[in-house]
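I have placed the structure first, in the form of structure tokens, so that the comments after it can refer back to it.
Bear in mind that the values here come from a model prediction, so they are computed numbers and not experimental data. Residue numbering restarts at 1 for every chain, and letters A, B, ... go by the order of the sequence lines.
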Protein chains: 2
Amino acid sequence: MKDVVKIFKALGDENRLKILHIIGSQEVCACKLLEFLEIGQPTLSHHMKILCDSGIVSSRKDGKWTHYKINKDTIKHTADYMQVTLFGNTAAQSCCNGC
Amino acid sequence: MKDVVKIFKALGDENRLKILHIIGSQEVCACKLLEFLEIGQPTLSHHMKILCDSGIVSSRKDGKWTHYKINKDTIKHTADYMQVTLFGNTAAQSCCNGC
DNA sequence: CTTATACATCGAAATTTGTCAATATAAAAT
DNA sequence: ATTTTATATTGACAAATTTCGATGTATAAG
């Protein structure tokens, strides 16, 4: 359960949610993220560490740059946890409206 | 977006996740929750306030007792936010495996 | 080789959060 | 009426979190 707590903690910050929105389904480097956020570079680095440590984001070094992308498995598992583990819904109840 | 941040913040605490697990799909009073947690009564009251303020839990007073239950709509919306809003998946992509 | 760029780490300050003891409130039991 | 029970609120404190400036570390460019 501590893993899940860590994930929700990571998601519970406005700047980090903004970061995830910017990344979206792409792969984005830190310098690009900095352009869209009103925080300093060390602060961004700190947030990226939290997002990576929780498993929400994964990083790839490419020369000078570090590229980040969202780890969709983690997101999927966490969303499933919310609907299934936490509230006893079956997968059928929690999705597939009308299937 | 601040509403979502508030929800994730509320979920990002081990005791509050335990509380949600205990409540499950039932309606539970505070005194029952206290039996299962290793925290004092004021602390529980504090946590319940956070869960209620975020919309995850709703409360009903019944004489001396306060009964809590999980607000499934909030959970559903948040899980949808994770899969759809945050990552641009369609509902079809994010669920309904094999439908 | 020197400089510039992209990012990480360190140390410190300010804010937020989790917890408890003490107290308050309100309903039920005696 | 008084006491007990269930819960909320207040005030205080320690711990965690967010942020920044300064500095470190690679890599690329000149």
- Task: May I have the step-by-step check of side chain to side chain contact (heavy atoms under 4.5 Å, CB included) for Lys69(B) and Gln26(B), ending in yes or no?
- Result: CA-CA 6 Å; Lys69(B) 69 168 196 282; Gln26(B) 302 181 314; over 6 Å; no

- Message: With side chain to side chain contact (heavy atoms under 4.5 Å, CB included) as the criterion, how do Ile23(A) and Leu33(A) come out once you've worked through the C-alpha distance, each side chain's angles and the decisive distance to 0.1 Å?
- Response: CA-CA 8 Å; Ile23(A) 297 180; Leu33(A) 292 171; 4.0 Å; yes

- Item | Verdict with supporting geometry, His67(A) and Val28(A), side chain to side chain contact (heavy atoms under 4.5 Å, CB included) | CA-CA 5 Å; His67(A) 298 272; Val28(A) 179; over 6 Å; no

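Within the 4.0 angstrom heavy-atom criterion, only backbone atoms of the sugar-phosphate kind lie near Thr66(B); the bases stay farther away. Ile50(B) comes within 4.0 angstrom of the backbone, heavy atoms only, and of no base. Within the 4.0 angstrom heavy-atom criterion, no nucleotide atom of any strand lies near Leu33(A).
Between the side chain of Lys9(B) and the main chain of Gly12(A), a donor-acceptor pair closer than 3.5 Å is present. In this structure, Ser45(B) contributes its side chain and Gln41(B) its backbone to no donor-acceptor pair below 3.5 Å. Of the possible polar contacts, one joining the His77(A) side chain to the Asp73(A) backbone as a donor-acceptor pair under 3.5 Å is found. Within the 3.5 Å criterion, the main-chain N or O of Leu11(B) finds no donor-acceptor partner in the side chain of Arg16(B).
Nucleotides of DNA chain C nearest to Lys9(A) and Leu44(A) differ in position, and the one nearer the 5' end is that of Leu44(A).
For Tyr68(B), counting side-chain heavy atoms from C-beta on, the closest listed nucleotide (dA8(D), dC7(C), dG18(C)) is dA8(D). Checked against dA8(D), dC7(C), dT7(D), the side chain of Cys31(B) finds its nearest nucleotide in dT7(D).
The shortest distance between the side-chain N/O atoms of His47(B) and the OP1/OP2 oxygens of dT19(C) is below 4.0 Å.
Taking the six-membered ring for Trp and thresholds of 30 and 60 degrees, Phe8(A) and Phe8(B) have nearly parallel ring planes, at less than 30 degrees apart.
Rounding to whole angstrom units, CZ of residue Arg16(A) and P of dT19(D) are separated by 8 Å. When rounded to the nearest whole Å, the span between CG of Leu51(B) and C1' of dA8(D) equals 16 Å.
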Check nucleotides 20-22 of chain C for protein N or O atoms closer than 3.5 Å to its own N or O atoms and list the pairs.
residue : atom : partner  : partner atom : Å
dC20(C) : OP2  : Gly40(B) : N            : 2.9
dC20(C) : OP2  : Thr43(B) : OG1          : 2.8

Just the table, please: protein N/O against nucleotides 26-30 of chain D N/O, every pair under 3.5 Å.
none

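For Glu27(A), the side chain to side chain donor-acceptor pair (under 3.5 Å) test picks out Arg60(A), with sequence neighbours left out.
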